[in-house]
Each structure stands twice: as C-alpha cells, then as structure tokens.
S.K.: 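For reference, the structure I am asking about is given below.
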Amino acid sequence: MRPPETLEWVAVSPLPLDPGALAAWATRPECGAVVTFCGNARATTAAGHEIIELDYDADVALAEARIGEVTAAARDRWPEVVAIAIHHRVGPVAVEEPAVVVVVASPHRHEAFEAARFCIDAVKSTVPLWKREVWRDGAAWSAQATPIRDVGEL
Amino acid sequence: MSHLLLLGPARDAAGVRHDEVEGDTVGAVVAAAIARYGPAFADVVAVSALWVNGARADASQAVGADDEVAVLPPISGG
C-alpha cells in the first residue's frame, strides 16, 4: 500500500497491518510525539470462547469515508495534530494480529494521546464494520455490537 | 428499484450482499426486502440503521434507481 502525500492515511483492506510503517510515515520533523494504538485480535471472549480468528465485514468505500469523518473531527478538536493514520482490516485476522491501527503525530504528547484515544473510540462507535468471531467450537457475530452513531454525535 | 447493500449480520440473514429491490422510498425498499428474505432478516432490520448513499436516512426518504440503500446492524469494529 502506497503512503499518501497528504497528512491523512486511511485504509480498510484485507492486507496485514504494519504499525511500524504507519508510525514511520507519521513521523515529521515538527512532531515530538507519535502515538500508536494497535487493536489486536484476542484469544478469548468475555463468554469464555477460545477464538481461532476474527473475520471482519465492511463495505470498503462506506467504511473509509466514515473514517475520514473521524480524522476530520479529531483535527477539529486537536488542531495541533499533524499526521493521522487509521487502518482497519477486513476478512480474517489471526489472534495477536492487529485488526486496527491508529497513529497520531503532533508536536507534543498530550494532543497525540487524546486524539488517538478519540480516533479509536470513534472507530468503534461510528464506522460500519462487523466482527465475526470464529471459535474452536463454532462462530458468531460479536455480542459486543452497538448501534452505529454519527461522528457529529460524539 | 434501488440497489440494496447488506452488511455483517444483515448479509448473513438475507444470504446476499447486493440485490436490486422495488420501492420508491427507503421504507418500501426495506419492506420488499423483508418479504423476500423472511423473518430472520426482519429481526436484523429491526435493530439496524438505514443509510442512503452513505448517509443516515429515514423510512420516508425517496429513492430511485441510482440510490444505494444500506442496512447497517449494530457495529463491532476495532
């Protein structure tokens, strides 16, 4: 995947995610802070099922457009932020692999942490993505689902 | 007739991801889809958001041949 020339890098794709590459892309001379959040596939569920893999469904265009709204909202709230990358997998994701990576670079750590936290929370509450859990003894759509919200509601 | 996009549990319940469905409003399109796919799909629709062309819509919104009606069950990304 080719990094963009801009200061936004949004992708929803079946390709494995590379948090180090995203952090390197976000690193700029004026940025003293680069925060990386990885949301990894976990081996167990709250209900005690052993997970083999997660399998994400999305319409790539709808999901990428909504993630673009999330990055715009983060910039409105933290104008000091310089670069933002948000990548999310679709299709199968093995345990320990990241399903989502958020990277925020800014001059100072406070706004980088705050904006990264906002972005991952907003991805979870506003972006049309669905997680199917494949267990050793079955499979089911995630029971942790919540009604989709608009970014403007956050 | 509008394009119908079914995602996540809505796709599972209907058995298809894309379809073409009659109806000149969002509500009519969804009602026709429920008639086609049955009660399990109706159960998903009952808890889902409806979007037209990528934005939230309500049942009375008019739709035509170039519009995409999406059924979005509760989400679980990240």
Side-chain angles (χ1 to χ4, degrees), chain A residues 12 17 37-42 45-46 54-70 86-90 93 98-102 116-117 119-133 139-153, chain B residues 1-21 23 26-27 29-30 33-34 36-61 63-78:
Chain A
V12 173
L17 301 182
F37 171 82
C38 298
N40 293 355
R42 205 175 39 233
T45 66
L54 302 177
D55 193 4
Y56 285 89
D57 188 26
D59 178 87
V60 168
L62 285 185
E64 288 186 344
R66 184 45 82 86
I67 293 174
E69 291 182 43
V70 169
I86 302 179
H87 288 201
H88 201 297
R89 297 274 298 269
V90 287
V93 178
V100 58
V101 177
V102 173
R117 174 68 186 258
C119 285
I120 184 57
D121 288 349
V123 164
K124 293 184 83 83
S125 62
T126 74
V127 178
L129 290 153
W130 292 269
K131 173 170 29 191
R132 188 170 170 78
E133 298 170 351
W141 293 101
S142 171
Q144 307 300 316
T146 55
I148 190 165
R149 300 176 70 192
D150 286 336
V151 177
E153 294 175 61
Chain B
M1 187 77 87
S2 292
H3 307 292
L4 189 64
L5 173 62
L6 304 174
L7 296 165
R11 166 178 56 82
D12 250 10
V16 296
R17 184 179 187 85
H18 296 280
D19 210 344
E20 301 293 323
V21 179
V26 171
V29 166
V30 171
I34 288 172
R36 187 174 296 179
Y37 306 128
F41 179 72
D43 290 346
V44 175
V45 168
V47 297
S48 293
L50 302 173
W51 282 13
V52 174
N53 305 328
R56 188 180 290 273
D58 59 35
S60 62
Q61 184 168 330
V63 289
D66 294 331
D67 292 321
E68 180 184 72
V69 177
V71 176
L72 281 66
I75 58 171
S76 52

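Proteins get letters first, then strands, A, B, ... in listed order; numbering begins at 1 in each.
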S.K.: Could you measure the distance from the CG atom of B:Leu7 to the CG atom of A:Asp59? Nearest 0.5 Å is fine.
M.R.: 6.0 Å
S.K.: Against chain B, label A:Ala58 side chain, backbone, both or neither, depending on which of its atoms sit under 4.5 Å from a heavy atom there.
M.R.: backbone
S.K.: Has A:Arg117 got more than 12 heavy atoms of other residues, nucleotides or ligands less than 6.0 Å from its CZ?
M.R.: no
S.K.: Looking at B:Asp66, I'd like to know if its CG atom is crowded, meaning that more than 12 non-hydrogen atoms belonging to other residues, nucleotides or ligands lie closer than 6.0 Å.
M.R.: no
S.K.: Among B:Gly54, B:Gly77, B:Ala49, B:Ser76, which has the most heavy-atom pairs under 4.5 Å with chain A?
M.R.: B:Ser76
S.K.: For B:Arg56 and A:Asp150, work out which heavy atoms get closest and say how close.
M.R.: NE-OD2, 3.2 Å
S.K.: At a 4.5 Å cut-off on heavy atoms, which part of A:Arg66 comes close to chain B: side chain, backbone, both, or neither?
M.R.: side chain
S.K.: Between A:Val127 and B:Ile75, which heavy-atom pair has the shortest distance, and what is it?
M.R.: O-CD1, 3.3 Å
S.K.: Could you work out, with side-chain contact (heavy atoms from CB on, under 4.5 Å) as the rule, every residue matching A:Thr45, not counting sequence neighbours?
M.R.: A:Ala47, A:His49, A:Ile51, A:Glu133, A:Trp135
S.K.: Does A:Tyr56 reach the main-chain N or O of B:Gly78 with its side chain, forming a donor-acceptor pair under 3.5 Å?
M.R.: yes
S.K.: Of all residues at least two apart in sequence or in a different chain, which pass the side-chain contact (heavy atoms from CB on, under 4.5 Å) check with B:Ala70?
M.R.: A:Leu62, B:Leu5, B:Trp51, B:Leu72
